[in-house]
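Since the structure comes first, as structure tokens, the remarks are kept for the end.
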2 protein chains.
Amino acid sequence: MRDANEFKKTKLDQLHALCRAKGLPLTVQRTVIMDALAARTDHPTADEIYEEVKPLLTGVSRTTVYRVLEAFVAHGLVQKIGSSAAKAHFDADVARHHHLECIRCGAISDIPHCEAYDIPLPSSEGNRHQVLDYAIHFRGVCARCRFAGQDPPEESA
Amino acid sequence: MRDANEFKKTKLDQLHALCRAKGLPLTVQRTVIMDALAARTDHPTADEIYEEVKPLLTGVSRTTVYRVLEAFVAHGLVQKIGSSAAKAHFDADVARHHHLECIRCGAISDIPHCEAYDIPLPSSEGNRHQVLDYAIHFRGVCARCRFAGQDPPEESA
DNA sequence: CGCATGCTTGGTACATTATTGCATTTGGTA
DNA sequence: TACCAAATGCAATAATGTACCAAGCATGCG
């Protein structure tokens with residue numbers, strides 16, 4: 001289990017370094033939004049982050065949250081995760097790791113790493129697409145939902 | 001490579017069987033939408049399907065396309081795929097298989113099956129989440145984009 | 001074959017999520 | 001402190017998805 005405070009500090013440092021390197025202003029908004037995102041182990045949507053930082057950044061606009069998160073993604077500080085619900089989720093952890101999407105509540109949680117998930121990347125040889133990275137998208141029932149109700153029906157292929 | 005016509009026929013038969021079994025009306029809309037989706041190897045959004053069936057189903061409403069696709073998903077005839085863009089993509093192939101999302105154009109394409117991608121499903125033992133299935137989400141450059149422009153920069157971990 | 005029934009459809013309105021344009025403010029630097 | 005570039009806030013707009021209800025159609029029965 002990674003240390004939450006250390007991780008957050010690392011991300012804030014990265015943000016700081018990035019702004020320095022590219023001559024971008026290190027605004028309060030960017031700091032607080034990164035802080036909020038890095039503190040979470042779930043993978044919030046832009047609006048969820050907005051709700052979270054609203055009390056901390058009085059008068060912050062939803063647009064800014066969307067824009068800042070997109071900027072983080074563009075600079076590789078944060079990754080955007082797709083889910084079957086039509087919303088973008090954000091993840092401050094850009095290292096290769098895998099996710100579980102709950103079929104009940106739609107929440108996305110991290111799956112602890114396991115060597116069995118290390119698969120070879122398809123090579124770019126030949127004349128096809130080029131693969132750069134991958135993430136495994138598990139589908140199932142999250143711990144919270146599993147113990148909140150009865151077990152789900154067996155998968156019927 | 002699966003035979004396109006045969007696959008389409010199978011899906012239409014499945015639709016037919018499902019409606020029979022559940023006493024649901026087999027409407028032209030459902031037939032044409034399934035036909036359109038099963039004919040495609042890419043993974044269109046609801047609106048893309050809507051554009052495609054509009055000429056075939058004069059007067060069809062966007063609502064119906066969304067509703068029918070959701071119904072297919074609910075009955076397990078079709079799966080919904082998430083992408084980092086905030087839109088739902090639909091796939092008539094519900095067997096376990098993997099996808100490539102193009103970082104240039106956002107298109108989602110199938111990745112041919114490979115045994116190396118067969119990973120063990122995390123067991124439900126212990127007191128955690130329960131995993132039912134998985135799909136590998138590859139990230140890279142699709143064949144079309146790769147040969148339309150210069151190669152992408154190397155991944156900087 | 002024609003009718004009754006229930007589910008589906010079309011259409012509008014609405015909700016949610018995300019993006020754009022522009023005036024103002026702020027962070028960074030000298 | 002003052003300047004400048006970039007970010008922010010705000011409002012409007014786009015894109016995507018959902019709810020509601022009257023009208024239509026598929027299915028099954030007489």
Side-chain angles (χ1 to χ4, degrees), chain A residues 12 15-34 36 43-75 77-78 80-90 106 108, chain B residues 12 15-34 36 43-75 77-78 80-90 106 108:
Chain A
L12 289 173
L15 172 61
H16 199 98
L18 177 84
C19 289
R20 279 236 168 262
K22 308 229 172 176
L24 303 174
L26 182 64
T27 62
V28 206
Q29 289 85 349
R30 283 175 178 163
T31 308
V32 172
I33 290 171
M34 177 57 88
H43 305 297
T45 64
D47 271 317
E48 285 167 351
I49 288 289
Y50 172 58
E51 291 304 324
E52 182 164 345
V53 299
K54 203 158 46 168
L56 308 173
L57 290 170
T58 317
V60 70
S61 99
R62 222 161 52 97
T63 305
T64 297
V65 176
Y66 276 83
R67 231 171 350 204
V68 166
L69 287 170
E70 282 302 331
F72 288 170
V73 171
H75 288 102
L77 276 179
V78 160
K80 213 178 188 178
I81 310 171
S83 72
S84 47
K87 316 185 219 188
H89 295 252
F90 295 86
I108 296 179
Chain B
L12 290 173
L15 173 60
H16 198 98
L18 177 84
C19 289
R20 280 235 170 266
K22 307 232 172 174
L24 303 175
L26 181 64
T27 63
V28 205
Q29 288 84 351
R30 283 174 179 163
T31 308
V32 172
I33 290 171
M34 178 57 87
H43 305 297
T45 63
D47 271 316
E48 285 166 352
I49 287 289
Y50 172 58
E51 291 303 324
E52 181 163 346
V53 300
K54 204 159 44 171
L56 308 173
L57 290 170
T58 317
V60 72
S61 102
R62 215 167 56 96
T63 305
T64 297
V65 175
Y66 275 81
R67 217 168 8 197
V68 166
L69 287 170
E70 281 301 333
F72 289 169
V73 171
H75 289 102
L77 239 49
V78 160
K80 213 178 188 176
I81 310 171
S83 73
S84 47
K87 317 184 216 190
H89 294 253
F90 294 87
I108 296 179

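These numbers were taken from a predicted model, which means no experiment stands behind them. First the proteins, then the strands, lettered A, B, ... as listed; each starts at 1. As a basis for the values below, the full set of heavy atoms in this structure was taken, side chains included, without hydrogen atoms, waters or symmetry mates.
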Salt bridge (Lys or Arg N to Asp or Glu O under 4.0 Å) contacts in which one or both residues fall within residues 17-29 of chain A, not counting sequence neighbours
none
Among residues two or more places apart or on two chains, list those pairs meeting salt bridge (Lys or Arg N to Asp or Glu O under 4.0 Å) that have a residue in residues 50-59 of chain A.
A:Arg40-A:Glu52, A:Glu51-A:Lys54
Under the side chain to side chain donor-acceptor pair (under 3.5 Å) rule, what pairs show up with a residue in residues 59-68 of chain A, not counting sequence neighbours?
A:Asp47-A:Arg62, A:Asp47-A:Tyr66, A:Ser61-A:Thr64
Taking only residues two or more places apart in sequence, or in another chain, which ones meet B:Leu26 in a side chain to side chain contact (heavy atoms under 4.5 Å, CB included)?
B:Leu15, B:His16, B:Cys19, B:Thr31
Sorted by chain and residue number, the side chain to side chain contact (heavy atoms under 4.5 Å, CB included) partners of A:Ala17 (sequence neighbours excluded) come out as none
For A:Ala88, which contact category applies under a 4.0 Å heavy-atom criterion: base, sugar-phosphate, or nothing?
sugar-phosphate
From B:Leu57 CG over to B:Tyr50 OH, what is the distance, rounded to the nearest 0.5 angstrom?
10.5 Å
Value for CD1 (B:Ile108) from NE2 (B:His89), rounded to nearest 0.5 Å, stands at 4.0 Å
Considering residues at least two apart in sequence or located in another chain, which fulfil the ring-ring contact (aromatic ring centres under 6.0 Å, His included) criterion with B:His43?
B:His99
For [X] and [N], what is the distance between atoms [atom1] and [atom2] respectively, to the nearest whole Å?
X: A:Arg62; N: C:dA18; atom1: CZ; atom2: P; value: 9 Å
X: B:Lys87; N: C:dA18; atom1: NZ; atom2: P; value: 12 Å
X: B:Tyr66; N: C:dA15; atom1: OH; atom2: C1'; value: 13 Å

Would you say the side chain of B:Leu24 lies within less than 4.5 Å of the side chain of B:His75, judging by non-hydrogen atoms?
yes
Are side-chain heavy atoms of B:Val73 and B:Phe90 found at a separation under 4.5 Å?
yes
Extract the stems that DNA chain D is part of, considering only consecutive pairing runs of at least three Watson-Crick or G-U wobble pairs, both distances under 3.5 Å.
C:1-30 with D:1-30
Per the under-4.0 Å heavy-atom filter, residues of residues 50-61 of chain A near DNA chain D come out as A:Gly59, A:Val60, A:Ser61
Contacts of type side chain to side chain donor-acceptor pair (under 3.5 Å), residue A:Ser84, not counting sequence neighbours:
A:Glu101
Holding to side chain to side chain donor-acceptor pair (under 3.5 Å), I want the full list of residues that pass it with B:Lys80, two or more places apart in sequence or in another chain.
B:Glu70
Contact nearer the 5' end of DNA chain D, comparing B:Ala86 with A:Arg30
A:Arg30
Nucleotide range of DNA chain D lying under 4.0 Å from chain A heavy atoms:
D:dA6 to D:dG17
Between B:Arg30 and B:Ala71 (side chain of the first, backbone of the second, donor and acceptor by atom type, cut-off under 3.5 Å), is there such a pair?
no
Starting at the 5' end of nucleotides 21-30 of chain C, put B wherever the base has a protein heavy atom under 4.0 Å, S where only the sugar-phosphate does, and a dash everywhere else.
B-----SS--
